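We use all heavy atoms of the structure for the numbers below, so side chains are in, but hydrogens, waters and symmetry mates are not. Below, read A as the first sequence line, B as the second, and so on, with proteins coming before strands; counting in each chain starts at 1. The structure displayed is predicted, hence computed values, not measured ones.
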Amino acid sequence: MENIKEETIHHTAMKLAEEIKNLSIYKSFYSDVQKLVSSPSVKKEDFKQTLQQAMKEKGLDTKLRNTVFHWVRTQNKQNKLDPLTSLSKASAQWEKRIHKSLNSMCSDLETSLAKIRSQSEQEELADKWNELSTYSLDLSKYRPVYAPKDFLDVLLTLSGYVPFTKEDEPKWEFAHLPLQVKTLDQLRKIYQEWANGEPLLGVNPNMPSTVPGFATLEAERIGLGERVAVLGYAPVIQEYLKKGSPQCLRAKLWSQVLGADVKQQQIIYFNQLKKNVLEVDLMIDKLIFKDVQLTASNDDQYFVFEDLLYQVMLCFSRDGEAARAAGASALRVAVKGRHAPDCLIAFPPSGVIPFHGFTMYATPFCYLYDDPVQLYFMFRAFYMRYWHRLHYISTHPQGIVSLCLLYERLLEANEPLLWIHFRNININPIRVVFKWLMRAFSGHLPPDQLLLLWDAILGYDCLEILPLLALAILSFRKENIFQVNTLQNVDAVLADLSTISVIPLLQLALMKS
Amino acid sequence: MDKGRVTYCTDLEKSVIISNFERRGWIQVGPDDEWNFYWSFTQNCRNIFSIENGYRMSDNQIINHFPNHYELSRKDLLVKNIKRYRKELEREGNPLSEKTEIMLPNGQAVTRYLHLDFIPVTYVLPADYNMFVEEYRKSPQSTWIMKPCGKSQGAGIFLINKLSKLKKWSREAKTPLHPQISSKESYVISRYIDNPLLIGGKKFDLRLYVLVTSFRPLKAYLFQHGFCRFCTVKYDTSVTELDNMYVHLTNVSVQKHGGDYNNLHGGKMSIQNFRLYLEGTRGRSVTEKLFADMHWLIVHSLKAVAPVMANDRHCFECYGYDIIIDKTLKPWLVEVNASPSLQSTTHNDRILKYKLIDNIVSVVVPPDGIPDARWNKIPSNEALGDFDVLIDEELIEKDEAPLRGNKFNRYRS
């Protein structure tokens, strides 16, 4: 038994060693090690020991560990063929619809999906790059391709709608899908620290600390967080984030845990994306501009950052690496003005057609980074690990379909009266929370609360907290919900989340009463 | 007096004010009737206190202005009072008045107060014209901002960066800049803060609300909800932009007519979000220092005018403090408004102003709900609402400064 285990580890280590050679950090890492070897601290007689020791001192040890950590995390995300054919069929159909819509928008507006930008346009865009809110475009005829509502309608058809049903049988339950989701008790095992009632930063930062030398919990967390940040070891940071991060340390900790640090290489990459934006005009650019204008620019929490957001969202659309995450089939279009053989490009290179509100996946990072490159890589890291799951149809346990099902199950099991109430007033309960789930609450919670929620997503590396929070909010406001009986009025009860304290609400739900 | 018969009078017919009074069951009366609580225009308040009037307020009457609030709210008098305050501290040998040498960008060294340098160098024109020219010559590349003393809402303000422009203006305004000839319209000219802190590339100023219920002893309260007001157009330092007031001025009245003004957010960002942003991007200690410096600035501006304010027990006043922060995270006092606008530009704004009035009333009215000029003016924690105690000299004196609300312990000395 031991032998098999050892062999597997050996096998993985060999594979890892090979794959590391292909990673972008390899070259500089290898040369750093070479420099160390030629230094006096590494001795020929005791090569292994002294090299390992020297690597530890120079932080190369941590770097290697972090690389392994990130590699292991991405391995689990390998896209296998989706086992549920109804879902994969629905997914393909939905993508086809989006592409069709784009094409017809394009022909209606008599423009091309992709074309080379004129020299003067390139210059103007480059000139105004840092203040694209002043770049005037006529966007009046452009409309977002789809909104969360449209996506929800597609998801609702997934439930294997059976045309002949009895009067009282709901036609829309996700429960009809053969997907496994957790129960509240199982969630408690995952969010163990919360369920045990351990002190969380988001509950009461001023509560007295149990650790000598610190007056408050907040001071204690800052002290611990600074040490964790210096150590720089990603799994430790992830563990730390479970109990919430002080705002002053978030920028550093988040980028370390996702491996989104910005070095010269990243700056060059970003500038290449910018170059792509300047050179080729994709119709999507207008949709991006429109989305920033409609969402971030109108939001009193984020309007200040609009110029940063234009840059980030435009560059993101040109980033082929993002396409790997979603595994979506991108449209291939001809670039007007370019000749074969390389006149075809993926439209867009990121494989992501933005929908209404897509910008909101990026807006909260503006409270952590004021440099566009850092902002970009942080947003991209989050998108590639989490956000893409919220707008693609799949059977993944963290995907939006599973999250909807989880929400449904949690509501039915833990708030049965609410569940019945929704049935009685003929409202599908997913309708009132879907936009929260699809946007991971961005734009619905104030930034300080949102950042605490996203700490938890990072700390536990899972999105299941989103439907749990939706349930907790509904539960908190249930008395008001019982009083109303139209979708409009339920929406009104839930419209303003500005007074919600997210972490105490969640902890309450997770602690056994 | 019976709680059910409290009366109010208001010169400002706005729902944000009236609803707060009606909610308490107060009855509206006219200014000539027996009012207990008067939300007045500054002019009417001055009239009540004028000697010719002969009006004596009863113990159960309180009013929302101090009769000579202009010592704080007129730009020239504010500057005069602060300068006088600093000189007095210097004469006393108070360590607060310590001075230091600062290097200007052009290499020139100037002397500034180390702890009390919170207003940009300012001169009153035409009286201080010669002093201004002397200072101007120390850094001739600098920009200065001219503001009429008596106006508000950004009216009549303009920038100059050449002495010749000032002379040109004085010729055109038919106001000779000769010290001997006094003019009705005086101006202040201040060193323009040309390196403001930008967020998202946009310039902003801060509006903070400060309630004062007494000047001697000083009792001041800071409202937790302030906001940053952003320019709708991108900040640009090129000379051609000097004349474009939509870029530099952040007064909402001026911004409202700029093409890109937005009604959903009104160009306003809450001070809580500002703090969150600063802490997230710059760290905790510089953020805490900035906020401490702003509180310090407010307290000392109030201490500066305290000796000259008519400290009538019937009065309280809510000031709108306008502060600009520069790139080094140093706050500068731009102006103090004695009648901060209660107009609401957005939904959030309406809520904020409603809360502000509500908390003002609960702070200034004694616990039994009946306005009384004789009460001890020590509001309970609950009555404070969303106000924090900025300074209460009476409590400091008694060494009873409360733990909650008085986070600003620097003023105990």
Undergrad: Distance from B:Asn273 atom CG to A:Tyr302 atom OH, nearest 0.5 Å?
TA: 8.0 Å

Undergrad: Can you tell me how far the CD atom of A:Glu131 sits from the NZ atom of B:Lys202, to the nearest 0.5 Å?
TA: 9.5 Å

Undergrad: How long is the span from the SG atom in A:Cys248 to the CD atom in B:Glu288, to the nearest 0.5 Å?
TA: 8.5 Å

Undergrad: Could you tell me which portion of A:Tyr369 (side chain, backbone, both or neither) has an atom closer than 4.5 angstrom to a non-hydrogen atom of chain B?
TA: backbone

Undergrad: For the pair A:Arg250 and B:Glu279, find out whether any cationic side-chain nitrogen is under 4.0 Å from an anionic carboxylate oxygen.
TA: no

Undergrad: Measure across A:Pro447 and B:Leu276 and return the closest heavy-atom pair with its distance rounded to 0.1 Å.
TA: CB-CD2, 3.6 Å

Undergrad: Give a yes or no on this: more than 12 heavy atoms of other residues, nucleotides or ligands lie within 6.0 Å of atom CZ of B:Arg23.
TA: yes

Undergrad: Can you tell me how far CG of A:Asp300 sits from CG of B:Asn348, rounded to the nearest 0.5 angstrom?
TA: 4.5 Å

Undergrad: Between A:Leu451 and chain B, with a heavy-atom cut-off of 4.5 Å, which part of the residue counts as in contact: side chain, backbone, both or neither?
TA: side chain

Undergrad: Parallel, tilted or perpendicular: which describes the rings of B:Tyr277 and A:Phe305, with under 30° parallel and over 60° perpendicular?
TA: tilted

Undergrad: Which atoms of A:Leu309 come close to chain B, meaning under 4.5 Å heavy atom to heavy atom: side chain ones, backbone ones, both, or neither?
TA: neither

Undergrad: One thing to verify: whether A:Glu218 and B:Arg284 come together as a salt bridge, which I'm taking to mean a side-chain N less than 4.0 angstrom from a carboxylate O.
TA: yes

Undergrad: Among side-chain atoms of B:Gln272 and A:Asp448, is any donor-acceptor pair under 3.5 angstrom?
TA: no

Undergrad: Looking at every heavy atom in both A:Tyr367 and B:Met269, which two are closest together, and how far apart are they?
TA: OH-CE, 3.7 Å

Undergrad: So which heavy atom on B:Gly280 is nearest to which on A:Ala251, and how close?
TA: O-CB, 4.0 Å

Undergrad: Kindly compute the distance separating CG (A:Leu308) from CD1 (B:Ile199), expressed to the nearest 0.5 Å.
TA: 11.0 Å

Undergrad: Does B:Phe223 have any ring pair (Phe, Tyr, Trp, His ring centres under 6.0 Å) partners at least two apart in sequence or in another chain, and if so, which?
TA: B:His225, B:Phe387

Undergrad: When you look at NZ of B:Lys327, are more than 12 heavy atoms from neighbouring residues, nucleotides or ligands closer to it than 6.0 Å?
TA: yes

